[in-house]
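Okay, so here's the structure we're looking at.
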Amino acid sequence: MEKASVLQSYSQTIPASMLVSAAYDGDAEKVVLKFYDPRNQEIHLWIDDTGHKPYCYSKASIQDLSILKDRKDIIEMKKEQKKDLISDTIIDVTKIIATNPLAIGGTSEDGIRNQIDAWEADIKYYENYLYDKGLTVGAFYEVKDSKIIPLHNPLPSDMLEALNPLLQVASPESKERLREQAELLSQSLVTIKRVSVDIEVTSSVEDRIPNPREAEEKVIAVGMVGSDGRKEVHLPDKGNDSSLQSPSEFEIVAHEDEKALLREVFRRISDYPFILTFNGDDFDLPYLYNRAKRLGFTKEEIPLSLGRDFASVKKGVHIDLYKTFSNRSIQIYAFGNKYSEHTLKGVSKGILGRSKIEFEGSISSLSPQELASYCYRDAELTFSLTSFSGDLLMKMLIVLARISKMPMDDVARVGVSQWIRSMLYFEHRRVGAIIPRRSEIEAKGGAVSEAVIKGKKYRGGLVFEPNAGVHFDVSVLDFASLYPSIISVHNLSYETVLCPHQDCRDNLLPGMKNWVCRKRKGIASMAIGSLRDLRLQYYKPLSKKDSLEEDEKALIGVVSQALKVILNASYGVMGAEIFPLYCLPVAEATATIGRFVITKTIEKCKEGGITVVYGDTDSLFLKGPTDEQIAGVMSWASKELGVALDLDKHYRFVAFSSRKKNYMGVLPDGTVDIKGLTGKKSHTPIFVKEIFQEAVNILSKVKSEGEFGQAREEIKTEVKKGYQNLKNKRVSLEHLAFNVMVGKEVGQYKSIPQHIKAAKLLDKGEREIKMGDIISYVKTKTPPGVKPISLANVEEIDQEKYLETLRSTFDQLLDALGYEFDEILGATKLEDFFWQS
DNA sequence: ATCTGTGGCCACCAGC
DNA sequence: GCTGGTGGCCAC
């Protein structure tokens, strides 16, 4: 194996650099590696000087195809020669594929050609290059004499201890894998030096975002907020305004002209290894680039480069937070759904509790002072999104880069399916396996089960009919990482499910006619399994300990969270067409075994005399079980089913309506869990939510059956009060607004839902309704029955509709408690109430 | 331009 | 008026 060589070498030794990014530069045919040195807070560039494209062939294919032994040969070979090579080696290759269980199908000449093509295409996956050089993204390296040496990180002793039971029983292969993963994930999380950049541009046409390709309009402000304390706004046109003064929070830097401003901003951008923007890929950075060119800057003078749909910093890393916060996995798992609109305004309001400065009219009408404050706030919010909770987001990105083997800026840009793709491709290279083509996997066929919901591909999790009513003393058990555990325990992977071996055919999966390989551990099963083991054996138990130091606790929390994200998605991607290792039989087998597991467990509970009041996919609600009973079920599940069952929580009482995925539970400390009820959903009007919340507060105080009567009276008062307010028009439009997101492009709708109707009323001018926008509308008595709040009037509110909403929202709650909504209101019929005083 | 899955509830739309 | 379909939001 060739030694790593570098074109640009540094005389001094960098003690601990972190590889944050690697990219193949197609034009220069070179690989650019970027290392972050936390001590010097700089990015060091290392460029491969071999003059060859990075190697792209897996070890097995190279070893097996003796004729291709020298990889340089094939790289330099002409197209015609490659054709010959293919026909010469076709027999050999066929043999290899036939004997290699990891390589399914592909025995035709066409198949081989496709394989070679795929290898070539693979060149762009520079991860190969990294793998050949023994480098992993996010890990620490020592750079000595122009050589990059991985820094060995011994496993912390507590981790070794926690993993020991697993390491004892594991095969040498999985043992090594687990150790490697553990070492990487336990490396420290460095603080990254960075600066946020936000620009403001004049707009000649009102409400029109200037085109960054043309960059015709002037840059009138650039805000920068850095981790080193930099807080400034750059303005062009010094001297125009002598009254301009820096406020206390930040500094105003005025320049001679726009050109001088850009020059200075570029100089500062080059000072930082990481640049943060909100939508900088599509707007701020391309705008700066093209504007600079328009003003006569040469390419070399601009520290930026533009891709097709992203922008990067030549000697650093650019992270576009807009893309990061648009990522659903990040939104839900990392930030607990605290924001719903993917704008700087929406995200910062949800996460930081602060927002943009609002103003009327166009940006050009602001005074320089106001403009500076506005621009500063945007830059400050952008920076704060990476710094809150002790740099939580930056740390999360480092950990995700380590797990996914993907550069940090890519992690921040792409979705979870690509993280997992990168992770699994890396695993293929580790074991020297050929990465299969989609058609080879698809040859296994589709699903055999029928989905409950029309239009879905296969049957998913089981949801049980809840026992309607109030249940005291309920314990909730759930399977820890059920689907990843099933994938791990049952060896589920695209190449092992329905494997080609005759003697595996009797190795049937529980509850299925499909079989699984018993000769070989599946790649996906191994990769997902090792992450699951780490999370369940080490990170999850540790995150519950209070004895940890702050720093340690933060690291554990971040890693644990990141593992959860990846593990949760790893099952889903197997059933997603966009995933290159898409394999329906794997997704289906996972869900089928899941149903088998929960069904058997419920049967077991019933045998033991335990009442199961509810269950959904991987959770069981048990009524008043003894500690021994719980322990019994747990040990039975882990022994018989191979999945760990945890005691998740204990409810003082749970109230189920007759609906699935709809309940309310009160924990011993009075905390209330509300699941699926309309009163908690984000689109429900605040007016309804507030009354609902009051009712929930009242219920949370109930400790015994006898106290419900009192609670009922109190709820009655609250609901009546709310309804009186509605009737007397004392409720504001904002409180009456339904807030619904535009889920698709306006033209794509097959029917016109209410929120779109409302938005179209708004849409008199050229203003378009964008996907992701949240429309606030109220229901009115006059056609078409809805109006955006900005156009509506309190007088035209359809009170009857709101009473309906109130009723159905409360029915979900009151059903469970055995009351009627009308009873609560004190009227027998809706109309009766309506005509009451 | 971007994309992990299925199950379930609710309100409304559109066609009969 | 009934009913299947659509769209949104949520549980897991």
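In the text below, chain A, chain B and the rest are named by the order of the sequence lines, each starting its count at 1.
DNA chain C lies under 4.0 Å from no heavy atom of any residue of residues 476-491 of chain A. Across residues 734-750 of chain A, not one residue has a non-hydrogen atom less than 4.0 Å from an atom of DNA chain B. Taken residue by residue, residues 446-459 of chain A places heavy atoms nearer than 4.0 Å to DNA chain B at Ala451(A), Val452(A), Ile453(A), Lys456(A), Lys457(A), Tyr458(A), Arg459(A).
Remark: Lys349(A) fails to qualify as a cation-pi partner of Tyr339(A) under the 6.0 Å distance and 45° angle criteria applied to the six-membered ring. Relative to the ring axis of Phe738(A), Lys779(A) places its NZ or CZ within 45° and under 6.0 Å from the centre.
Candidate nucleotides dC12(B), dG7(C), dG5(B) were compared by shortest atom distance to the side chain of Ser751(A), and dG7(C) ranks first. Of the candidate nucleotides dC12(B), dG7(C), dA11(C), dG7(C) has the atom nearest to the side chain of Pro753(A). Comparing dG5(B), dC13(B), dC9(B) by their closest approach to the side chain of Gln754(A) singles out dC13(B).
With sequence neighbours left out, Arg402(A) forms a side chain to side chain donor-acceptor pair (under 3.5 Å) with no residue at all. Legend: residues meeting side chain to side chain contact (heavy atoms under 4.5 Å, CB included) with Ala524(A), ordered by chain and number and at least two apart, are Leu424(A), Ser493(A), Ile528(A), Met574(A).
Between the side chain of Ser329(A) and the backbone N or O of Val416(A), no donor-acceptor pair lies under 3.5 Å.
For residues 567-591 of chain A, every residue pair satisfying the ring-ring contact (aromatic ring centres under 6.0 Å, His included) rule, not counting sequence neighbours, is listed here: Tyr483(A)-Tyr571(A).
Comparing Ile674(A) and His755(A) by the nucleotide of DNA chain C whose heavy atom lies nearest to each, the residue mapping closer to the 5' end is His755(A).
No side-chain donor-acceptor contact under 3.5 Å links His318(A) and Ser312(A). For Arg459(A) and Thr592(A), the side-chain atoms include no donor-acceptor pair closer than 3.5 Å. Residues Tyr322(A) and Asp282(A) have side chains that never bring a donor and an acceptor to within less than 3.5 angstrom of each other.
Taking the six-membered ring wherever Trp is involved, the centroid distance between the rings of Phe621(A) and Phe464(A) does not fall below 6.0 Å.
Here, dT4(B) and dA11(C) have their C1' atoms 16 Å apart, quoted to the whole Å.
Within 6.0 Å of the NZ atom in Lys457(A), the count of heavy atoms belonging to other residues, nucleotides or ligands exceeds 12.
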